[in-house]
Amino acid sequence: MENSSPGTMTFEEIKQILIAKFGAELILGEETTGLQPALLIQPEKIVEVCRELRDNPATHFDFLNLISAVDYGENKFGVVYHLTSMPYRLQLTLKIVKEHTRDLEDLPSFPSLTSVYKTADWHEREAYDLVGVFFEGHPDLRRILLPDDWEGYPLRKDYKAAEYYKGIKID
């Protein structure tokens, strides 16, 4: 890595830290044209990667701002993680994607980040509630916004809203 201080670390330098620790095969792609650079990484490595980014003094991504589940259509689901290093004023987006059959009895499953970031608890519950993404290892994965008896996941592309809920017409 070049001689940069942690506060001036570049996206490329952060990427190189991850490659040095986990190997080049960790990174499946990258996006650098949006508002915030993003790395597409192997889904099964998300917990280890976030722990490294949090605990490494060079990066110190100490805050998980947001988790969003995404229904990309076809048979593809993903999760997007927005990380911030408060002391270094850095931001990074990580993305993970999996193929899935859309079977509502067997939800797409990703590792939970609750062991790394406490804020993951409610973010993962929201993603589960609205998109139907299951987070392995979450301590209390249940609906957080919708009633417990709500059927389906309203932010999925194949969601068909009920006409009525408990006798009340839904528009």
Side-chain angles (χ1 to χ4, degrees), residues 15 18 22-54 61-84 91-171:
K15 186 173 120 180
L18 293 175
F22 300 102
E25 64 278 1
L26 169 75
I27 299 173
L28 305 175
E30 61 183 81
E31 298 171 4
T32 56
T33 58
L35 294 174
Q36 192 170 333
L39 290 173
L40 179 63
I41 64 168
Q42 295 176 359
E44 64 276 5
K45 296 286 190 182
I46 190 65
V47 174
E48 293 170 85
V49 166
C50 286
R51 189 169 282 119
E52 172 65 20
L53 289 169
R54 182 196 68 189
F61 281 96
D62 56 336
F63 184 61
L64 172 67
N65 299 46
L66 177 67
I67 295 174
S68 300
V70 182
D71 178 350
Y72 288 107
E74 303 288 321
N75 288 335
K76 192 184 293 186
F77 288 87
V79 183
V80 180
Y81 303 88
H82 296 273
L83 305 176
T84 296
Q91 294 187 326
L92 179 67
T93 300
L94 300 175
K95 296 183 177 186
I96 57 178
V97 177
K98 279 187 178 179
E99 297 286 324
H100 190 267
T101 64
R102 298 195 159 275
D103 179 2
L104 291 179
E105 301 301 316
D106 178 32
L107 299 176
S109 183
F110 296 92
S112 173
L113 279 186
T114 54
S115 67
V116 182
Y117 296 109
K118 290 183 188 232
T119 54
D121 186 336
W122 284 29
H123 293 303
E124 289 175 356
R125 285 182 58 195
E126 181 181 29
Y128 165 75
D129 198 8
L130 298 177
V131 184
V133 169
F134 183 82
F135 290 93
E136 304 158 21
H138 190 285
D140 188 22
L141 193 62
R142 59 188 163 96
R143 291 204 183 264
I144 190 169
L145 299 172
L146 297 170
D148 290 339
D149 61 350
W150 193 269
E151 291 185 23
Y153 304 96
L155 295 184
R156 279 191 176 208
K157 294 186 183 296
D158 55 356
Y159 178 69
K160 304 262 190 285
E163 194 173 334
Y164 289 89
Y165 176 71
K166 295 195 176 189
I168 301 169
K169 184 159 179 59
I170 299 172
D171 292 325

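Looking at every heavy atom in both residues, L94 comes nearest to C50 through CD1-SG, 3.8 Å. Summarising the geometry of A120 relative to H138, their closest heavy-atom pair is O-NE2, 4.5 Å, with the distance given to 0.1 Å. Counting all heavy atoms, side chain and backbone alike, R143 lies closest to R125 at O-NH2, 2.9 Å. The minimum heavy-atom distance between D129 and L146, with the atom names listed, is OD2-N, 2.8 Å. In this structure, G132 and P108 approach most closely via the heavy-atom pair O-CD, 3.4 Å.
Every residue two or more places apart in sequence or in another chain that forms a ring-ring contact (aromatic ring centres under 6.0 Å, His included) with Y165 is listed here: W150. A search for side chain to side chain donor-acceptor pair (under 3.5 Å) contacts involving E136 returns S109, not counting sequence neighbours.
Atom CG of L40 is separated from atom CG of L28 by 5.0 Å, given to the nearest 0.5 angstrom. Going from atom NZ of K15 over to atom CD of E30 covers 3.5 Å, rounded to the nearest 0.5 Å. In this structure, CD1 in I144 is found 7.0 Å from CG in D121, a value given to the nearest 0.5 Å. Atoms CG and CD1, from L39 and I96 in turn, are 13.0 Å apart once rounded to the nearest 0.5 Å.
Using a 4.5 Å heavy-atom threshold, the side chains of T101 and N75 count as separate. Using a 4.5 Å heavy-atom threshold, the side chains of R156 and L104 count as touching. Inter-residue side-chain proximity for F22 and Q42 is flagged as unmet; no heavy-atom pair is nearer than 4.5 Å. Within the 4.5 Å cutoff, the side chain of D71 has no heavy atoms near those of the Y153 side chain. Looking at L18 and L53, their side chains come closer than 4.5 Å, going by heavy atoms from C-beta outward. Side-chain contact check for K95 versus V70: every heavy-atom pair is 4.5 Å or farther apart. At least one side-chain heavy atom of Y128 sits less than 4.5 Å from a side-chain heavy atom of L107.
Side-chain atoms of R102 come within 3.5 Å of backbone N or O of E74 as a donor-acceptor pair. In this structure a side-chain-to-backbone donor-acceptor pair under 3.5 Å is missing from H123 to S68. In this structure, H100 contributes its side chain and D106 its backbone to a donor-acceptor pair below 3.5 Å. One N or O on the side chain of T119 and one on the backbone of L64 form a donor-acceptor pair closer than 3.5 Å.
More than 12 heavy atoms of other residues, nucleotides or ligands lie within 6.0 Å of CD in E44, so this atom counts as buried by the packing criterion. Counting heavy-atom neighbours within 6.0 Å of E99 CD, excluding the residue itself, gives a total above 12. Residue-environment remark: CG (L35) stays at or below the threshold of 12 foreign heavy atoms within 6.0 Å. Within 6.0 Å of the NZ atom in K118, the count of heavy atoms belonging to other residues, nucleotides or ligands does not exceed 12.
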Contacts under 3.5 angstrom, residues 110-117 side chains, donor-acceptor by atom type, not counting sequence neighbours:
| unit_1 | atom_1 | unit_2 | atom_2 | d |
| --- | --- | --- | --- | --- |
| S112 | OG | T114 | N | 3.1 |
| S112 | OG | T114 | OG1 | 2.9 |
| S112 | OG | E124 | OE1 | 2.6 |
| S112 | OG | E124 | OE2 | 3.4 |
| S115 | OG | R51 | NH2 | 3.1 |
| Y117 | OH | F61 | O | 2.6 |

Assess the residue pair T93 and E31 against the criterion (side-chain contact (heavy atoms from CB on, under 4.5 Å)); give the C-alpha distance rounded to whole Å, side-chain angles, the decisive distance to 0.1 Å, and a yes or no. CA-CA 9 Å; T93 300; E31 298 171 4; over 6 Å; no
